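So that the names make sense, note that chain A is the first sequence line, chain B the second, and so on, each numbered from 1. In this text the structure is predicted, and so the values were computed from the model without any measurement.
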Amino acid sequence: MDKAYNHTDHETDIYRMWEDGGYFTPAIDKKKKPFTILLPLPNANDPMHMGHALFTVQDILVRWHRMMGDPTLWLPGGDHAGIETQYVYEKKLAKEEKSRFDFDRDTLYLMIEEFVEKNKSVNRDQMKRLGFSLDWTRYKYSLDPHIVSIVLDTFRSLHKDRLLYRDARLVNYCPRDGTGFSDLEVVYKEQVDPLYYLKYGPFTIATVRPETKFRDTALAANPKDKRYTQFIGKTLEIMGLLGPINMTVIPDPDVDMAFGTGIMKVTPAHDAHDFELGKKFGLPVTPIIDTRGKMDFSWFLTKKDADPKYRQRAQKYHGLKVAAARKIMVEDLASDGLLVKTDENYTHRVGSCYKCGSVLEPLPIPQWYVKTKPLAQKAAMAIRKKQTRIFPLKRFEKMYLDWLDNIEDWNISRQIVWGPRIPVWYCLDCNPGIILSFLTNEKLHVRGTYDELKKTYTFDEISHGLQTLSAPLEAEFSLNAKPCTRCNGTRILQETDTFDTWFLSSQWPYTTLGYPDSEDFKYFYPTSVLDTMWDILFFWVARMMMMGAYRTGNVPFKAIHLHSRVVDAHGQKMSKSRGNVVNPIEMVDRYGADALRMALIYGAGPGSDIALSEDKIRGMRNFSNKLWNMGRFLVMNMENTKDVPFYNVDIHNALTASDKRIISELNMLTTQITKDLSKYRFSDASQRLYEFAWHKVADVYIEKNKERFTSGDPVALTALRHVILTLMKLLHPFMPFVTEVIWSKIPKKYDKPLIVSPWPGK
RNA sequence: GGAUCUGUAGCUCAGCGGAAGAGCGCUGCAUUCACAUUGCAGAUGUCAGAGGUUCGAAUCCUCUCAGAUCCACCA
């Protein structure tokens, strides 16, 4: 054996030995209870980061259970990651001075597909570098046809159960990325904007969005506000930048009397609160901002009787981006004497796109929604009844329940190409003009709902539109478009929206296992543990619980273990802009996978951030070397001594007090580690093992008995071998490579690799 | 606005009712010894502050200060 442990000499060979030996693939044994973990599917396009390296937690559990003799499945997969991947791809296109608008839908899809296929293997190879004992024979990709077909079937099933609807409500729309998002994906940023006080007929109103005032449809005041009670219900003529308009004052108890002047303009098309208010009072929805985030004054410019002076003004605003238009309008308001004052220091929070940071525009666009309340109830119940337990902290359980108890319907439509299209077909003959694609230069030009909304639809008219929509949905719900069953029309258009990626990944537990009939599904579902970072508790974990319970009748996990974020040595979040990102593969190259794994686990308290430094990883590399040299010491001394008996109860009596003491401590340690693992106390276990191996066995036991070992005392060597072999087993889940190598060097009775050796006490 | 978490050695953090701990860093000594990716010895703390419960509090309770996070979103 070499003087020092050099991981690069061993890791590749060891992993190949495990994989070729088929040890990652479980044998289904109906007499035994399986242990199953699904790997939180990484973006198939992403190289590995420290977050992925933390899946070490799962490998620890999996390796432990495998040694315990459980049929153990750790199922890997990759995610097409809809918007994430399309975003990355569009950035790539931008470098080539192209954009998504240069391609038709199918071409763009194929280009992205090719891009992903090229990168797919990178992440997989990196997982192997970390030593993850994933069953690669079962690898799944989120766009595998059989997975998609189950997802589409879920959509159909939701429709049948009346848990699905299409509605034209306000969507958080990113004009830059060209898609809407669910509420969860909105990031609110605090910023300072001018608050303008505008003259509004007899009133003064305060607003940060003067550009939307052209299409205000009402004014609202608190019914308790004595200043305005006399006006409630009255319609007033108000002078604006484009001439006089009529507006009614409506009562709204939500209006804060202390804010601004206590009276508010109502813009149902561009504000969520106003939209609800509009619904209540039957106000028209009158958008003035389009999906590109530009002002749209066509409603005014097409007016035949418009005053030429105002027409000119509208022409000036038309097509400007919101921010630019606002600036010019404020100038015009000032010159018309309509600007009362400006508060420059108004701080508020603005919804922005989590991908590109653009300000999101609330826009009225029809989207598909899942009614989540009934689904959420079951998912919450599973936790309340302790069918599923959440580790490590109560606070995550509370977060989970609070979210499910207050859940809103889920917008699953995305206006991107990368992902499965929503399986709905519209008949353009009997139900024309339903949908519009904002994505690319689609060849099919269809008059869209958004255009229709611009024509000042009332809420009644919108809901009427939705009723006519549901007809072809009922009639035409197959995977391939056939002639319309109502009018026999052949101009059928599939919904151009794709699914929110989370709609697919929320079904991962049963789609990957082959719901509903496969052996795997019957045997491995529900899975044992889900381990993931807490930041996707709502996006993914809660939704998997909902969909699993809905589709299969069982929630998908018996336990949910939430781990924390990896931060740098100073507790700072790792980010490219800070320049403190530690690349896991570089660390594996330099110090070995075992060192990185141990560094991630050691000293990481449950629920708190995990501080990782290169110093710490180096420290753990030193620990690997310590183990190596303990093994080396044993092997060297055994070489000169024949017939070292194997440890057993009979020999125990021949041991010295010192031997007996270390074995007794080892037995206590075994019990303790087993207990730690069953309670997800990985850090505690790793610290105990480190302490015992280095400071009890190496520093004390070996040093005190050194003469006995070097002189070849068979009894002493028996004890030491027993201690080291047992220690290798206990450490194997944490540091699989170095323990497997040491194991292979020590003469012993078993010929099986360590990975499938029985857990001590088992 | 609602909720939650954290404050312990220079740094990162364990401990969460019974004599203040670990890793890294630091200081001194050792060196043909399994290992210098080492060993031995050592220094460093009003356990954020105040009050309370208790025979006993870093640990439980209340408040204060400081930092962080989640949810809801305000014209």
### Per N625(A) side chain, nearest of listed nucleotides rC35(B), rC73(B), rA34(B)
rC35(B)

### Query
Are the charged groups of R708(A) and D713(A) less than 4.0 angstrom apart, N to O?
yes

### Query
In whole Å, what is the span from the CZ atom of F633(A) to the C1' atom of rU38(B)?
14 Å

### Query
To the nearest angstrom, how far is H695(A) atom NE2 from rA41(B) atom P?
11 Å

#### Entry: Electrostatic pair K213(A)-D216(A), nearest N-O below 4.0 angstrom
no

### Message
By the rule that syn is within 90° of 0, classify the base conformation of rU62(B) as syn or anti.
### Response
anti

### Message
If I pick the P atom on rA3(B) and the same atom on rG17(B), what distance separates them, to the nearest angstrom?
### Response
26 Å

Listing time: all N or O pairs from protein to nucleotides 9-19 of chain B that are below 3.5 Å?
| residue | atom | partner | partner atom | Å |
| --- | --- | --- | --- | --- |
| rC13(B) | O2' | G603(A) | O | 2.9 |
| rA14(B) | OP1 | S608(A) | OG | 2.3 |
| rG15(B) | OP1 | R681(A) | NH2 | 3.2 |

### Message
Check R688(A) with E691(A), please: is the shortest side-chain N to carboxylate O separation under 4.0 Å?
### Response
no

### Whole-Å gap separating C1' (rC40(B)) and CH2 (W694(A))
14 Å

### Message
With a 4.0 Å cut-off on N to O distance, would you call R209(A) and E361(A) a salt bridge?
### Response
yes

### Query
Does the pair E276(A)/K280(A) count as a salt bridge with the N-to-O cut at 4.0 Å?
no

### Query
K398(A) has a side chain; which of rC35(B), rG39(B), rU4(B) sits nearest to it?
rU4(B)

### Given rC74(B), rA34(B), rU38(B), the nucleotide with the shortest approach to the side chain of N622(A)
rU38(B)

### Message
Quick test of your reading of the model: are R590(A) and E614(A) salt-bridged, counting only N-O distances below 4.0 Å?
### Response
yes

### Message
Rounding to an integer number of Å, can you tell me how far M630(A) CE sits from rC33(B) C1'?
### Response
17 Å

Write out a two-atom table: protein N or O, nucleotide N or O from nucleotides 67-71 of chain B, distance below 3.5 Å.
none

### Query
Of the nucleotides rA34(B), rG39(B), rA22(B), which has the atom closest to the D699(A) side chain?
rG39(B)

